[in-house]
Colleague: 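The following block contains the structure, expressed as structure tokens.
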Amino acid sequence: MSGTRVITKKSAADFDKMKIAGRCVAAMHSAVRDAAGPGVTTKELDDVARRVLEEHGCRSSFLGYGGPHSPFPGVICTSPNSVIVHGIPDTYVLKDGDIISVDAGAIYEGWHGDAAFTIAIGDVSDEVQNLLDVTERALWAGLEQAKAGKRLGDIGAAVEALAVPHGIGVVRDYVGHGIGRQMHEAPSVPNYGTPGKGLRIKTGMALAIEPMFNLGTDRSVVLDDQWTVVTADGAFSAHFEHTVLITDEGSVVSTLDEPRYV
Ligand code: MG
């Protein structure tokens, strides 16, 4: 997925719309989280998310993404177990011991919000639960670096630092991104980097930070459907994401029930 290379400065009014989109994403997350469990298909989770979009007067950022040749068919991405990202909701039945990553995007009056989480279905091993915990902590470590005057390398380094002590593979083929009138805008926001290096973060930017961590190596493969990205070694993968707005008053995570300053 790629978008424009131009970084547009968002106004306070633009950010207000992105917060409404973000609240819709948060509502999609909680509804899908409540619905997920053994015996439920990923398509049923997509149906749940569709209803929330309608209730909030938002459209999906994902449905139809990719253009006429390979339009994404879901309103959410559902990525079980070894699927890293971009899994298509289908007849897959969740079972005890699975994990499922859910990525949701919503558009309100042309402005986007984008966020993802991974949950365990029933009982999972300590190793798998640790993967989920570490990936979520890495997201928040990255968000805390997303402040005016910092650089993109500060975000990437903070995210990567959480993975290293656990021998976790940090996916490099897919990265976070700017977000606004398009879901994917410049700049790219890698989950690795060097502190003090890279593009300087400024007010008016909006970033989607999204660590993708694997229990095995970082290597990935795209399946024949041209969407589903899986780990090359079949190991489980986790994905957590939030959208953060760099405002004059500070940096605020928009994809929550209530926006939260970091
Ligand atoms: Mg994203």
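Both counts, for ligands and for their atoms, begin at 1 and track the order of listing. For reference, positions follow the sequence shown, starting with 1. Given the structure is predicted, the values throughout are model-derived calculations rather than measurements.
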Colleague: Looking only at side chains, do T231 and N214 share a donor and an acceptor under 3.5 Å apart?
Modeller: no
Colleague: Hey, which N, O or S atom on E241 ends up closest to the Mg ion (ligand 1)?
Modeller: OE2
Colleague: Among the N, O or S atoms of D114, which one sits nearest to the Mg ion (ligand 1)?
Modeller: OD2
Colleague: If hydrophobic clusters are built by linking Ile, Leu, Val, Met, Phe, Trp and Tyr wherever their side-chain heavy atoms come under 4.5 Å apart, do V230 and I99 end up in the same one?
Modeller: no
Colleague: So that I can check it, does any N, O or S atom in D103 come closer than 2.8 Å to the Mg ion (ligand 1)?
Modeller: no
Colleague: For the Mg ion (ligand 1), does an N/O/S atom of H177 lie at less than 2.8 Å?
Modeller: yes
Colleague: With a 6.0 Å cut-off on ring centres, are H86 and Y174 close enough?
Modeller: yes
Colleague: Salt-bridge test for D47 and R51: reply yes if a basic N is under 4.0 Å from a carboxylate O, no otherwise.
Modeller: no
Colleague: If I consider every N, O or S atom in E210, which one ends up closest to the Mg ion (ligand 1)? I only need its name.
Modeller: OE2
Colleague: Check the side chains of D218 and Y192 for a donor-acceptor pair under 3.5 angstrom, ignoring hydrogens and angles.
Modeller: no
